[in-house]
Peer 1: 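The structure follows.
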Amino acid sequence: MPIEILMPALSPTMEEGNLSKWLKNEGDKVVAGDVIAEIETDKATMEVEAVDEGTLARIVVPAGTEGVKVNALIAVLAADGEDMTRAAEGAGEEAPAKAAAPAAAPAPAKSEAAAPVAAAPRTEVAADPDIPAGTEMVSMTVREALRDAMAEEMRRDADVFVMGEEVAEYQGAYKITQGLLQEFGPRRVVDTPITEHGFAGVGVGAAMAGLKPIVEFMTFNFAMQAIDQIVNSAAKTLYMSGGQMGAPIVFRGPSGAAARVAAQHSQCYAAWYSHIPGLKVVMPYSAADAKGLLKAAIRDPNPVIFLENEILYGHHFDVPKMDDFVLPIGKARIHKPGKDVTIVSFGIGMTYAIKAEAELAAMGIDAEIIDLRTIRPLDFDTIIASVKKTNRLVVVEEGFPQSSVGDFVANQVSQRAFDHLDAPVITIAGKDVPMPYAANLEKLALPNVAEVVEAVKAVTYR
Amino acid sequence: MATAAKKAPAKAKSDSKSPSAPVTPKPVEFTKDQDLNAYREMLLIRRFEEKAGQLYGMGFIGGFCHLYIGQEAVVTGLQMSLIEGDQMITAYRDHGHMLAMGLSARGVMAELTGRRGGLSKGKGGSMHMFSKEKHFYGGHGIVGAQVSLGTGLAFANRYRENPNVSVTYFGDGAANQGQVYESFNMAALWKLPVIYVIENNRYAMGTAVTRASAETDFSQRGVSFKIPGIKVDGMDVRAVKAAGDLATEWCRSGNGPIILEMETYRYRGHSMSDPAKYRSKDEVQKMRSEHDPIEQVKARLIAKKWASEDDLKAVDKDVRDIVADAADFAQTDPEPDASELWTDILI
């Protein structure tokens with residue numbers, strides 16, 4: 001039997017990758033452990049080793065192919081003694097769908113399970129009033145937008161530097177700092193030991209002395225070790241010093257569930273940090289907001305918690321092509337105007353809201369989607385103006401339900417706009433359980449589009 | 001008041017050869033002026049703290065209040081080795097540090113009583129005071145947190161390539177916190193100009209060092225990170241000054257961090273509510289009578305005939321007047337305006 005070589009998943013969030021290079025040719029002998037190809041993932045370029053022995057009978061996906069789905073057939077190996085030609089043909093007959101052009105191959109079931117949120121459907125996005133009309137837009141990933149934001153601010157201000165684990169030579173655990181070491185050197189792009197509590201404190205100390213550190217946490221789960229420095233030192237010093245000194249610092253990194261990384265690596269910190277006076281908390285969804293708000297965060301004289309999302313890193317969005325695109329912190333964005341119901345969300349929660357909106361539109365429900373963008377200070381003006389128009393509110397987030405951001409929004413809206421509500425506010429959140437590992441359980445633990453649709457139907461009495 | 005700032009020496013270039021490990025230097029010989037100054041500075045701290053204890057008892061000072069009595073030589077001696085721009089950071093036993101660096105007794109005392117004329121406008125209290133002007137970065141209530149922060153101050157010095165050092169104080173208790181060693185590692189790895197001053201006063205709150213520390217030689221706590229350390233008689237201001245000179249020179253020459261273990265003693269309890277039942281009265285009395293930092297200077301001044309009893313009484317009176325004035329101010333200065341509740345949260 002010929003052996004099928006499939007496109008491997010090389011990171012928790014990888015759905016597809018680029019087959020950049022074959023290191024073996026058709027007809028070459030291969031033994032287990034041989035590097036046969038190089039694959040570029042969303043995080044790095046990885047070498048693929050052969051698991052079986054044999055002869056490379058056929059290369060199905062040529063070098064240079066982009067967007068090869070995980071589990072797609074990329075090559076066929078003839079076992080020892082097997083006829084190579086027959087092996088190559090046989091494999092093609094047995095798996096015609098897999099052998100088809102990989103870009104067109106349907107996403108295998110495994111990939112769907114591994115990525116709870118597929119790419120967002122196209123929704124007519126409202127223009128951001130902070131972007132001048134007629135600005136040229138370029139498509140880029142959230143990852144590139146974050147990198148550009150840091151690079152631009154580092155060019156602008158010599159006091160800005162970035163520190164964290166693997167930010168320099170490794171080019172970022174999630175490639176967010178790619179190229180920064182090459183441009184700015186090791187003085188300003190500082191690899192730290194694995195020592196979150198310590199380097200968070202070092203960052204705050206440097207900020208108290210007037211520098212403007214960007215402290216990257218590989219994920220915010222690890223910032224739990226550093227939360228004392230963030231809360232007790234960074235957030236409170238300005239107040240405790242009677243305004244004499246504060247900490248102009250950005251703590252950034254991915255927060256929330258990635259994919260299949262289970263309980264200790266999957267939780268959203270928006271509600272946690274939003275509790276603390278003295279902090280600003282930003283959690284962008286789109287690449288444009290990621291760029292404009294990270295630049296604002298770096299310039300902000302206060303400590304800013306900048307919560308990213310690993311799954312969103314690879315998503316493409318339109319980003320305005322401007323010399324200096326800075327967005328205001330503390331201002332929500334109406335993602336899509338509507339009149340029947342207000343759906344408030346932020347970060348990756350937006351993906352559920354956007355998909356639900358498309359289904360709701362088909363039912364004749366015109367939903368307004370608000371992307372909070374900043375969790376603290378929260379833009380209640382925008383929310384309440386919307387509720388006064390729609391009289392109905394659903395809040396969507398991935399974090400735990402108790403004392404969630406949605407709880408606070410619901411509470412404030414009920415106090416400030418009670419007479420405008422025609423239905424109780426419904427909050428959709430992650431389930432009240434540690435994140436399970438099993439793919440099916442993970443899917444159940446996260447919010448889903450159907451829940452959002454049902455909630456909207458409930459508040460609109462449909 | 002505080003020792004005048006000296007001019008920064010030319011920045012020494014980092015030497016590729018590793019310098020020989022420092023050893024505890026002999027106490028420096030003080031001039032008459034230095035001894036008189038040290039006497040006055042230490043006496044100011046002591047009288048100030050005694051007054052603070054009194055005001056606490058009267059209900060003018062609330063919350064936690066940790067007195068520095070007995071440890072005065074540490075900050076006084078180290079301050080003499082610093083130049084303009086050197087930073088200082090410590091934990092919550094911080095009144096003495098601020099007085100030593102020349103902050104006004106009124107400002108410190110009014111902060112203790114929570115008044116608007118306090119260094120933090122009454123919003124920080126005993127444990128949380130700062131001075132941007134004097135490069136004093138607090139005043140921290142979380143044991144050990146200031147060690148990472150102080151390392152960050154040193155990081156800023158290296159980033160800016162200035163000649164300054166960060167003097168980062170912590171106690172024998174904080175020396176067992178994990179982030180201390182995370183900081184040691186980074187400071188050594190990046191050769192940051194930080195002097196880790198471990199004020200070993202023998203008790204972490206009520207726990208004697210032998211009951212809390214597997215290694216009680218705190219000067220050697222940096223061995224795993226190749227950070228040199230020396231033990232210093234923290235009750236002798238001249239020994240402290242000598243160690244301060246050595247440490248500042250070490251850091252300014254680009255050698256990275258250094259540890260000074262100050263062997264000292266606090267006469268009072270951990271805080272005002274500590275009856276100090278974990279140690280004998282004899283132990284305290286022995287330290288007071290045999291090692292008191294102020295009495296040592298006083299005896300020297302008299303022996304060398306640099307001052308008469310009357311001269312020293314005059315100094316004492318001056319100091320008492322400063323403290324009495326600060327206490328009056330701190331009791332009569334108004335509380336912060338109610339609007340201050342909402343200021344200084346964000347810029």
Side-chain angles (χ1 to χ4, degrees), chain A residues 158-161 163 186-188 190-213 215 225-226 228-229 231-249 276-280 300-304 329-330 376-377, chain B residues 87 89 111 116 118-125 127-133 135-142 144-161 164 166 168 177-187 189-190 192 194 336 340 343-347:
Chain A
D159 282 343
V160 177
F161 69 96
M163 72 190 302
R187 174 173 163 268
R188 297 181 68 195
V190 183
D191 272 331
T192 65
I194 301 171
T195 183
E196 283 84 7
H197 195 181
F199 72 69
V202 168
V204 176
M208 288 167 73
L211 297 181
K212 294 165 188 164
V215 171
Q225 304 226 39
D228 171 65
Q229 289 292 3
V231 172
N232 268 319
S233 301
K236 296 178 183 173
T237 295
L238 184 69
Y239 199 82
M240 297 191 300
S241 69
Q244 287 184 77
M245 61 179 80
I249 187 168
I276 307 300
L279 292 180
K280 291 185 179 182
D300 200 289
N302 301 289
V304 181
I329 291 174
R376 181 187 186 92
Chain B
Q87 304 113 326
I89 187 167
E111 190 59 39
R116 65 179 58 175
L119 278 176
S120 294
K121 299 193 232 169
K123 292 157 75 166
M127 300 186 285
H128 316 112
M129 278 184 256
F130 304 79
S131 170
K132 191 167 191 171
E133 180 203 347
H135 314 287
F136 179 62
Y137 289 85
H140 292 270
I142 306 298
Q146 80 278 14
V147 181
S148 302
L149 296 170
T151 307
L153 299 172
F155 181 95
N157 293 337
R158 198 205 55 163
Y159 190 91
R160 292 179 166 136
E161 297 178 339
N164 289 118
S166 160
T168 298
Q177 285 278 22
Q179 66 179 308
V180 169
Y181 299 91
E182 298 187 26
S183 302
F184 281 4
N185 184 42
M186 285 181 277
L189 192 64
W190 299 333
L192 302 182
V194 51
E340 284 291 346
T343 62
D344 306 322
I345 299 163
L346 293 171
I347 294 171

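Sequence lines set the chain letters: A, B, ... in the order given, protein chains first and strands last, and positions in each chain run from 1.
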Peer 1: Which heavy atom in B/A145 sits nearest to a heavy atom in A/Q229, and how many Å separate them?
Peer 2: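 In this case the closest contact between B/A145 and A/Q229 is O-NE2, 3.1 Å.
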Peer 1: May I ask you to name which of A/D159, A/I194, A/D228 has the most heavy-atom pairs under 4.5 Å with chain B?
Peer 2: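 Sorted descending by pairs with chain B, the first entry is A/D228.
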Peer 1: Got a second to check how far B/L149's CG is from A/T237's OG1, nearest 0.5 Å?
Peer 2: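 The OG1 atom of A/T237 is 7.0 Å from CG of B/L149, to the nearest 0.5 Å.
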Peer 1: Kindly give the heavy-atom pair with the smallest separation between B/D344 and A/G242, and that separation in Å.
Peer 2: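 Closest approach of B/D344 to A/G242, heavy atoms only: OD2-C, 3.3 Å.
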Peer 1: Do B/F130 and A/L238 have side chains that approach each other closer than 4.5 Å (heavy atoms only, starting at C-beta)?
Peer 2: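 A side-chain contact is absent here, since even the closest heavy-atom pair is not under 4.5 Å.
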Peer 1: Sort B/S131 into side chain, backbone, both or neither according to what part of it lies under 4.5 angstrom from a heavy atom of chain A.
Peer 2: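 Both the backbone and the side chain of B/S131 come within 4.5 Å of chain A.
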Peer 1: Against chain B, work out which of A/Q225, A/Q244, A/K280 has the most heavy-atom pairs shorter than 4.5 Å and name it.
Peer 2: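 Result: the option with the highest number of such pairs is A/Q244.
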Peer 1: Can you tell me how far the NE2 atom of A/H197 sits from the CD atom of B/Q177, to the nearest 0.5 Å?
Peer 2: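 Reported to 0.5 Å precision, the distance equals 7.5 Å.
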Peer 1: Determine the option with the most heavy-atom pairs under 4.5 angstrom with chain A, choosing from B/V147, B/N185, B/L153, B/L119.
Peer 2: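 Option with the greatest count: B/L153.
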Peer 1: Do A/N232 and B/H140 make a side-chain contact, defined as non-hydrogen atoms from C-beta onward lying under 4.5 Å apart?
Peer 2: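 No - every pair of side-chain heavy atoms lies 4.5 Å or more apart.
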Peer 1: May I ask you to name which of A/P213, A/G198, A/A158 has the most heavy-atom pairs under 4.5 Å with chain B?
Peer 2: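 Most pairs with chain B among the choices: A/G198.
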Peer 1: With a 4.5 angstrom heavy-atom cut-off, is it the side chain or the backbone of B/L192 that approaches chain A, or both, or neither?
Peer 2: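 No part of B/L192 comes within 4.5 Å of chain A.
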Peer 1: Quick check for you: among B/K123, B/M129, B/E133, which has the greatest number of heavy-atom pairs under 4.5 Å with chain A?
Peer 2: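 Between B/K123, B/M129, B/E133, the count favours B/K123.
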Peer 1: By a 4.5 Å heavy-atom criterion (distance strictly below it), what part of B/E111 contacts chain A: side chain, backbone, both, or neither?
Peer 2: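 Nothing of B/E111, per the 4.5 Å heavy-atom cut-off to chain A.
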Peer 1: If you count heavy-atom pairs under 4.5 Å between each of A/A235, A/A247, A/G243 and chain B, which one has the most?
Peer 2: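 Between A/A235, A/A247, A/G243, the count favours A/G243.
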Peer 1: Might you point out which heavy atoms bring A/A206 and B/F155 nearest each other, and give the distance in Å?
Peer 2: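 What the structure gives for the nearest pair is CB-CD2, 4.1 Å.
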Peer 1: Let me confirm one number: the CD-OH distance from B/E340 to A/Y239, rounded to the nearest 0.5 Å.
Peer 2: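 Those atoms lie 8.0 Å apart.
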Peer 1: Is chain A contacted by the side chain of B/I347, its backbone, both, or neither, given a heavy-atom distance below 4.5 Å?
Peer 2: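 For B/I347, heavy atoms of backbone and side chain both lie under 4.5 Å from chain A.
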Peer 1: Is it the side chain or the backbone of B/H135 that comes within 4.5 Å of chain A heavy atoms, both, or neither?
Peer 2: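 Neither part; nothing is under 4.5 Å.
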Peer 1: Minimum heavy-atom separation for A/S241 to B/S120, with atom names?
Peer 2: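 Residues A/S241 and B/S120, closest heavy atoms: CA-OG, 3.5 Å.
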Peer 1: B/E182 and side-chain contact (heavy atoms from CB on, under 4.5 Å): which partner among A/V202, A/T195, A/T192?
Peer 2: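 In the set A/V202, A/T195, A/T192, the residue that makes a side-chain contact (heavy atoms from CB on, under 4.5 Å) with B/E182 is A/T195.
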Peer 1: Quick one: closest heavy-atom pair of A/D191 and B/W190, and the distance?
Peer 2: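 Closest pair (atom of A/D191, atom of B/W190, distance): O-CZ2, 3.4 Å.
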Peer 1: What closest approach, in Å, do A/M245 and B/F136 show between heavy atoms, and which atom pair accounts for it?
Peer 2: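 Heavy-atom minimum between the residues: CE-O, 3.5 Å.
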Peer 1: Who wins among B/Q179, B/H128, B/K121 for the most heavy-atom pairs under 4.5 Å with chain A?
Peer 2: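 That would be B/Q179.
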